[in-house]
Amino acid sequence: MVEVRKICCIGAGYVGGPTCSVIAQMCPEVTVTVVDVNEDRIRAWNSDSLPIFEPGLQEVVDSCRGVNLFFSTDIDEAIKNADLVFISVNTPTKTFGIGKGRAADLKYIEACARRIANVSIGCKIVVEKSTVPVRAAESIRRIFNANTKSSFNFQVLSNPEFLAEGTAIADLKNPDRVLIGGDETPEGQHAIEALRSIYEHWVPKSKIITTNTWSSELSKLAANAFLAQRISSINSISALCEVTGADVEEVAHAIGTDQRIGSCFLKASVGFGGSCFQKDVLNLVYLCEVLNLPEVARYWQQVIEINDYQRKRFSSRIISCLFNTVTDKKIALLGFAFKKNTGDTRESSSIYISRYLLEEGACLHIYDPKVKAQQIMHDLIQPTPSERHDPATVDLYSPACENAHAIVICTEWDMFTELDYEKIYKAMLKPAFIFDGRRILDSLHDQLQHIGFQVETIGKRVNQRIHFTAIEDKSEIDQQQPLKKIKL
């Protein structure tokens, strides 16, 4: 069995950085080097301001950076010295050509494989850490076979990540399982044991699952597809609840107590986001189409369509409540990350809702505690030029709720439950609306209605109370002061 003393990770993003930081902390005798072509990203990893926000990550990095954890742009040197190489690069959905909008673009995976083959000597274990389609390991192996020197021996493993952003460090330190797939040859099994020995530093043996390579790759896609399916399932029920008078939270609790179903991922919202769910479901759809399984492809495609429907439905509800027009109306959108405790905006429902409202002429004022203004603007002008939205209609700096017609909560940040809503209400135009897209204000509905808000939420009809009390003079409010220490 190969003894792993040096690890190289190609890709310093949301997967590679946290994963290898935890490995370095848990395996002090192993030298871990994370490399990336992006110099700014590596510079950030070597600073006190990490390029990604993840609770607990800074403490992990500080504990071992410069000791046995290093971040570098010298990719070739790190590959040469490594016993094991993780490939943790992006695998975006193709935007053109065959499989556009569904198939994974493996150009970065291929580039890594060619670079490893070009500079490597001796024995190397190469591990897919990125989310890849089934049989991607075979493609890497073919590149190695066609380009390697006689002095280079290799084994290709699949070791997909199952992290949830916002809890990644906890997930890495106490995983539900670690999955390792490899060849069923003696050499392949030795490689699996070498990687297993790394994880056994802190993960119980019973939680380390070994399979063949193809099962490992498909398990990652299937896991994310099942999770996305549950979210779309409860979101479809939320639409039914709103027209029948049921409460989707009560329905979710009732069905979640069934041990055969369980309560996880039964939280109705404006839809799932993040880098994995949509990408992996679409990848699964494309795989089924290519393998002539159209019925299976249509089944999983519906998961995506329900997610899109939920976003459009929520946006339409906002427009409908605001007297069927949002043209030139100021709307405060709270939250832009796809979930709380992360700064990641990839496929965030906030992006889609913002675009729908902008297309209707709304003036958006957006606030998120962890997403930079530049990232928000970048996300909103990403589509093709014909679909771009005028950045002048998006304000990221002025007090978000002052003179707003409505507040729209798109991310479930805890701080949004602690705002001084009475003060906010006085600063808004009347009638003042709150649209809770994350069901985080349920316990405040009575209080909000007593203040005077018109409350709308996901999966429930809120009985509105009409107040005829006089409105205090807004001039008494210091609009420039942060609300509960939060600058909106």
* **Donor-acceptor side-chain pairing of Asn307 and Ser232 below 3.5 angstrom** => no

* Heavy-atom count around Asp258 CG within 6.0 Å, excluding the residue itself: above 12? -> yes

* Rounded to the nearest 0.5 Å, how far apart are CD1 of Ile409 and OG of Ser350? -> 11.0 Å

* Asked: If every non-hydrogen atom of Cys241 is compared with every non-hydrogen atom of Gly459, which pair is closest and at what distance?
  -> CB-O, 3.4 Å

* **Mutual orientation of the aromatic rings belonging to Phe433 and Phe323 [parallel < 30°, tilted 30-60°, perpendicular > 60°]** => perpendicular

* Under the side chain to side chain contact (heavy atoms under 4.5 Å, CB included) rule, what do Glu250 and Lys460 come out as? Steps first, then yes or no, please. => CA-CA 10 Å; Glu250 295 176 349; Lys460 179 182 180 181; over 6 Å; no

* Asked: Thr19 versus Tyr14: any side-chain heavy-atom pair under 4.5 Å?
  -> no

* To do: State whether the number of non-hydrogen atoms from other residues, nucleotides or ligands found under 6.0 Å of Lys312 atom NZ is greater than 12.
  => no

* To do: Would you sort out whether Gln310 and Ser349 count as a side chain to side chain contact (heavy atoms under 4.5 Å, CB included), showing the intermediate values?
  => CA-CA 9 Å; Gln310 186 77 343; Ser349 290; over 6 Å; no

* To do: Before giving the answer on side chain to side chain donor-acceptor pair (under 3.5 Å), spell out for Ser316 and Arg311 the whole-Å C-alpha distance, their side-chain angles and the decisive distance to 0.1 Å.
  => CA-CA 9 Å; Ser316 297; Arg311 292 163 170 169; over 6 Å; no

* To do: Determine whether the side chains of Asp36 and Trp45 contain a donor N or O and an acceptor N or O closer than 3.5 Å.
  => no

* **Any Ile23 side-chain heavy atom under 4.5 Å of Ile7 side chain** => yes

* Residue pair Phe53 / Pro369, side-chain heavy-atom distance below 4.5 Å -> no

* To do: Verify side chain to side chain contact (heavy atoms under 4.5 Å, CB included) between Phe86 and Ser88, making sure each step is shown before the conclusion.
  => CA-CA 6 Å; Phe86 284 116; Ser88 298; 4.1 Å; yes

* Do we see a donor-acceptor contact under 3.5 Å between the side chains of Lys129 and Asn159? -> yes

* Count the heavy atoms belonging to other residues, nucleotides or ligands that lie under 6.0 Å from OH of Tyr108, then report whether that count exceeds 12. => no

* To the nearest 0.5 Å, what is the distance between CG (Asp40) and CD1 (Ile42)? -> 10.5 Å

* Are Asp414 and Lys340 close enough for a salt bridge, meaning some N to O gap below 4.0 Å? -> yes

* Note: Glu249-Lys267 ion pair, threshold 4.0 Å (strictly below) -> yes

* Cation-pi check, Arg177 to Phe162: give yes when NZ or CZ is under 6.0 Å from the six-membered ring centre and within 45° of the ring axis, no otherwise. => yes

* With the side chain counted from C-beta on, respond yes when Lys339 and Glu412 share a heavy-atom pair under 4.5 Å apart, and no when they do not. => yes

* May I ask you to check whether Phe226 and Trp300 place their ring centers less than 6.0 Å from one another? => yes

* Asked: Got Ile331 and Cys363 here, is their nearest side-chain heavy-atom distance under 4.5 Å?
  -> no

* Going by the side chain to side chain donor-acceptor pair (under 3.5 Å) test, name the single residue among Asn90, Thr93, Thr91 that passes it with Lys279. => Thr91

* To do: Using the side chain to side chain contact (heavy atoms under 4.5 Å, CB included) rule, take Tyr356 and Ile319 through it: C-alpha gap first, then chi angles, then the decisive distance, then the call.
  => CA-CA 10 Å; Tyr356 295 142; Ile319 296 166; 6.0 Å; no

* Structure fact -> In terms of heavy-atom contacts, Gly256 and Leu266 come closest through CA-CD1, 4.0 Å

* To do: Output, in order, the C-alpha distance, side-chain angles, deciding distance and verdict of side chain to side chain donor-acceptor pair (under 3.5 Å) for Trp413 and Asp368.
  => CA-CA 9 Å; Trp413 288 104; Asp368 190 285; 3.1 Å; yes

* Basic-acidic side-chain contact under 4.0 Å: Lys220, Glu161 -> yes

* **No-hydrogen, no-angle side-chain donor-acceptor test under 3.5 Å, Tyr352 and Glu347** => yes

* Where do Leu322 and Val326 come nearest, in terms of heavy atoms and distance? -> CD1-CG1, 3.7 Å

* Ion pair Lys426/Asp420, N-O distance below 4.0 Å -> no

* Find the distance between OG (Ser269) and CD1 (Ile440) and round it off to the nearest 0.5 Å. => 11.5 Å

* Find the distance between CG (Leu419) and SG (Cys401) and round it off to the nearest 0.5 Å. => 7.0 Å

* Are any non-hydrogen side-chain atoms of Phe277 and Val303 less than 4.5 angstrom apart? -> no

* Got a salt bridge between Arg65 and Asp62, using NZ or NE/NH1/NH2 to carboxylate O under 4.0 Å? -> yes

* I would like to know whether Arg346 and Glu165 meet salt bridge (charged side-chain N to carboxylate O under 4.0 Å, His left out); could you show each step before the answer? => CA-CA 11 Å; Arg346 287 176 292 180; Glu165 288 188 41; 3.7 Å; yes

* Asked: Do the ring centers of Tyr425 and Phe453 come within less than 6.0 Å of each other?
  -> yes

* To do: Using a strict cut-off of less than 4.0 Å between a Lys/Arg side-chain nitrogen and an Asp/Glu carboxylate oxygen, indicate whether Glu242 and Arg317 qualify as a salt bridge.
  => yes

* To do: Could you tell me the separation between the CZ atom of Phe435 and the CD atom of Gln454, rounded to the nearest 0.5 Å?
  => 9.5 Å

* To do: Taking the side chain as every heavy atom from C-beta outward, state whether Leu284 and Leu218 have any pair of such atoms under 4.5 Å apart.
  => yes

* Asked: Does Arg355 pair with Glu360 as a salt bridge, N-O distance under 4.0 Å?
  -> no

* How far does CG of Asp436 sit from CD1 of Ile458, to the nearest 0.5 angstrom? -> 8.0 Å

* Asked: Given side chains that start at C-beta, do those of Val285 and Tyr299 come closer than 4.5 Å, heavy atoms only?
  -> no

* Structure fact -> Heavy atoms of Ala168 and Leu163 approach each other most closely as O-CD2, 4.0 Å

* Asked: Judged by modelled atom types alone, do Ser63 and Gln25 share a side-chain donor-acceptor pair under 3.5 Å?
  -> yes

* Structure fact -> Here the pair of heavy atoms bringing Thr411 nearest to Phe416 is O-CD1, 3.4 Å

* Nearest heavy atoms of Val22 and Val60, plus distance in Å -> N-CG1, 4.0 Å

